[in-house]
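These notes are about the structure you will find just below.
Just so you know, ligand 1 is whichever comes first in the structure, and atom 1 is the first atom listed for that ligand.
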Amino acid sequence: PAYGQPYQWSTRDFEMGAPLGRGKFGRVYLARERTSNFIVAMKVMFKAELEKGNVQRQVLREIEIQTRLKHPNILRLLTWFHDDSRIYLALEIASEGELYKHLRNSPQRRFEEPRAAKYTYQVADALEYCHLNNVIHRDLKPENILLTSSDDVKLADFGWSAHTISNKRKTLCGTLDYLPPEMVDGHIYDHSVDHWCLGILCYEFLVGCAPFESNDNEKTYEKIRRLEVYYPSHMSSGAKDLISKLLRKSNNGRITLVEVMKHHWVKENMAIRN
Ligand SMILES: Cn1ncc2ncnc(NCCc3cnc(NC(=O)Nc4cccc(C(F)(F)F)c4)s3)c21
């Protein structure tokens, strides 16, 4: 490349391998960079599909956000490039794939408390870093969390993330189970929506399903508004205490992410595991 110009990556630099998964807007493949043999996860999206879904701005915002975020529990966007018909995201590989598959395949389809506590801690740590960088993830769910070979989690898919300045309503797509009350009622929201989602996530780790799940959207909205949470008898009082402090209607009533990381249930259970 011309002196001082950053190298322009292209598909020629990579040998594409097995498919790793598919999202709404494209597929993810294993890929190897030819000169370094470095392995990446390559997300390939068709421009036409992104235009049809009217999400190209979100992808550009994700690229802008993710190239800045560097944290052990956030999946790195290493580089990106495009050709005439596709956009490629070269992502850090998380070889154990999507966390929800491990959740669904666990005995009783739920994680033991030490494992749930470790992941809750790591997600809280990643979210705290995002918020310090004025980024709200907004789409926290087991599908967007990946697992590494060292059993650490990586927050991924910042396609729905936003800088804290913009309070655009999140167009309702995908699961409603994670929507906090202020978003269900279309009110403005801030980074504390992620605190709510962390509560839902921790509940789902421990129970195997989200607390407000129901087969009818209106019923889910109602349960969220009424904050009807059923805690199964197997759940420890420490876990119930933490979740009840995150699933608070008033966004400023939710405990901070630092308090989550210091919570006695998290600390006790992480001591067991590590
Ligand atoms: C499956 N799998 N197994 C191992 C493994 N290792 C790493 N990554 C994997 N999978 C990729 C995970 C992703 C990370 N970042 C993403 N980002 C995205 O998909 N962005 C995006 C695309 C199209 C439209 C939109 C928009 F605008 F609509 F929001 C946003 S997807 C892996």
Side-chain angles (χ1 to χ4, degrees), residues 9 14-33 38-83 85-105 119 122-123 126-127 129-130 135-163 166 168-175 178-179 183 193-194 197 201:
W9 292 101
F14 296 89
E15 186 186 3
M16 299 298 272
L20 287 172
R22 69 178 69 184
K24 202 163 155 226
F25 290 96
R27 287 166 173 254
V28 186
Y29 299 88
L30 212 52
R32 184 191 13 218
E33 201 278 317
F38 193 80
I39 300 289
V40 298
M42 191 69 81
K43 173 111 187 197
V44 184
M45 300 169 280
F46 286 94
K47 292 180 179 177
E49 267 194 46
L50 294 175
E51 275 144 33
K52 216 184 327 168
N54 194 18
V55 291
Q56 53 271 59
R57 261 177 326 103
Q58 272 154 264
V59 176
L60 293 178
R61 182 171 54 227
E62 172 184 11
I63 290 169
E64 191 271 321
I65 287 174
Q66 266 230 17
T67 41
R68 279 189 304 119
L69 298 179
K70 293 177 177 56
H71 184 280
N73 299 113
I74 293 180
L75 193 78
R76 288 289 314 283
L77 173 58
L78 301 167
T79 190
W80 69 286
F81 49 90
H82 63 103
D83 57 25
S85 61
R86 284 163 289 213
I87 292 182
Y88 302 82
L89 305 180
L91 297 150
E92 172 188 8
I93 187 86
S95 50
E96 286 297 314
E98 289 162 349
L99 187 62
Y100 88 93
K101 285 183 184 147
H102 295 263
L103 184 59
R104 295 287 179 270
N105 297 335
Y119 296 162
Q122 292 188 341
V123 172
L127 287 177
Y129 173 84
C130 288
V135 172
I136 320 177
H137 188 280
R138 291 197 309 180
D139 200 14
L140 205 56
K141 55 189 175 190
E143 291 79 351
N144 283 345
I145 298 171
L146 298 165
L147 198 58
T148 67
S149 49
S150 57
D151 191 37
D152 292 311
V153 298
K154 298 264 179 181
L155 221 43
D157 196 346
F158 283 75
W160 293 104
S161 62
H163 289 296
S166 83
K168 260 187 274 324
R169 244 178 86 77
K170 164 178 175 166
T171 45
L172 297 187
C173 85
T175 170
Y178 279 69
L179 276 187
M183 288 182 84
V193 300
D194 285 339
C197 294
L201 188 73

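- Nearest to atom 3 (N) of ligand 1 among the protein's heavy atoms is Gly97 CA, 3.6 Å.
- When hydrogens are left out, the protein atom nearest atom 20 (N) of ligand 1 is Glu62 OE1, 2.5 Å; that is the closest non-hydrogen contact.
- When hydrogens are left out, the protein atom nearest atom 27 (F) of ligand 1 is Gln58 CB, 3.0 Å; that is the closest non-hydrogen contact.
- The minimum heavy-atom distance between Gln122 and Val153, with the atom names listed, is OE1-N, 2.8 Å.
- Closest non-hydrogen pair, Lys70 versus Tyr129, comes out as N-OH, 2.8 Å.
- Of the protein's non-hydrogen atoms, the one nearest atom 25 (C) of ligand 1 is Val59 CG2, 3.8 Å.
- Distances below 4.0 Å separate heavy atoms of Glu92 from the following atoms of ligand 1: 6 (N), 7 (C).
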Give the C-alpha distance, both sets of side-chain angles, the deciding distance and a yes or no for side chain to side chain contact (heavy atoms under 4.5 Å, CB included) between Arg27 and Val44. CA-CA 6 Å; Arg27 287 166 173 254; Val44 184; 5.6 Å; no
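- Atoms of ligand 1 found under 4.0 Å from any heavy atom of Ala156, numbered from 1 in the order shown, are 14 (C).
- Between Glu96 and ligand 1 there is no heavy-atom distance shorter than 4.0 Å.
- Per-residue contacts place Leu75 under 4.0 angstrom from the following atoms of ligand 1 (heavy atoms of the residue considered): 7 (C), 8 (N), 14 (C).
- Nearest protein heavy-atom neighbour of atom 12 (C) of ligand 1: Leu146 CD1, 3.9 Å.
- Residue-ligand proximity, Val55 to ligand 1, at heavy-atom distances under 4.0 Å covers atoms 27 (F), 28 (F).
- For the pair Leu201/Pro142, a side-chain contact is recorded, criterion being any heavy-atom separation below 4.5 Å from C-beta on.
- When atom types are taken as modelled, the side chain of Asp194 and the backbone of His137 share a donor-acceptor pair closer than 3.5 angstrom.
- Residue-level proximity to ligand 1 for Leu91 is carried by the side chain, the only part with a heavy atom below 4.0 angstrom.
- If you look at Lys154 next to ligand 1, there are no close heavy atoms at all, none under 4.0 Å.
- Counting all heavy atoms, side chain and backbone alike, Lys154 lies closest to Glu92 at NZ-OE2, 2.7 Å.
- The N/O atoms of Leu50, backbone and side chain alike, include none that comes under 3.5 Å of an N/O atom in ligand 1.
- Contact annotation for Asp157 and ligand 1: heavy atoms of both the backbone and the side chain come within less than 4.0 Å of the ligand.
- Between Arg68 and Glu64, at least one side-chain N (NZ, or NE/NH1/NH2) sits under 4.0 Å from a carboxylate O, which counts as a salt bridge.
- Between the side chains of Asp139 and Tyr178, no donor-acceptor pair of N or O atoms lies under 3.5 Å.
- Across all non-hydrogen atoms, the minimal contact from Tyr29 to Pro19 is CD2-CA, 3.7 Å.
- Of the protein's heavy atoms, Met45 SD, 3.0 Å lies nearest to atom 22 (C) of ligand 1.
- Atoms of ligand 1 found under 4.0 Å from any heavy atom of Ala41 (numbered from 1 in listed order, with element): 6 (N), 7 (C), 8 (N).
- The protein heavy atom nearest to atom 11 (C) of ligand 1 is Val28 CG2, 3.7 Å.
- Looking only at protein heavy atoms, the nearest one to atom 2 (N) of ligand 1 is Leu20 CB, 3.9 Å.
- Under the 30°/60° scheme for interplanar angles, the aromatic rings of Tyr88 and Phe81 are found to lie parallel.
- Closest of all the heavy-atom pairs between Met183 and Leu179 is CB-CD2, 4.0 Å.
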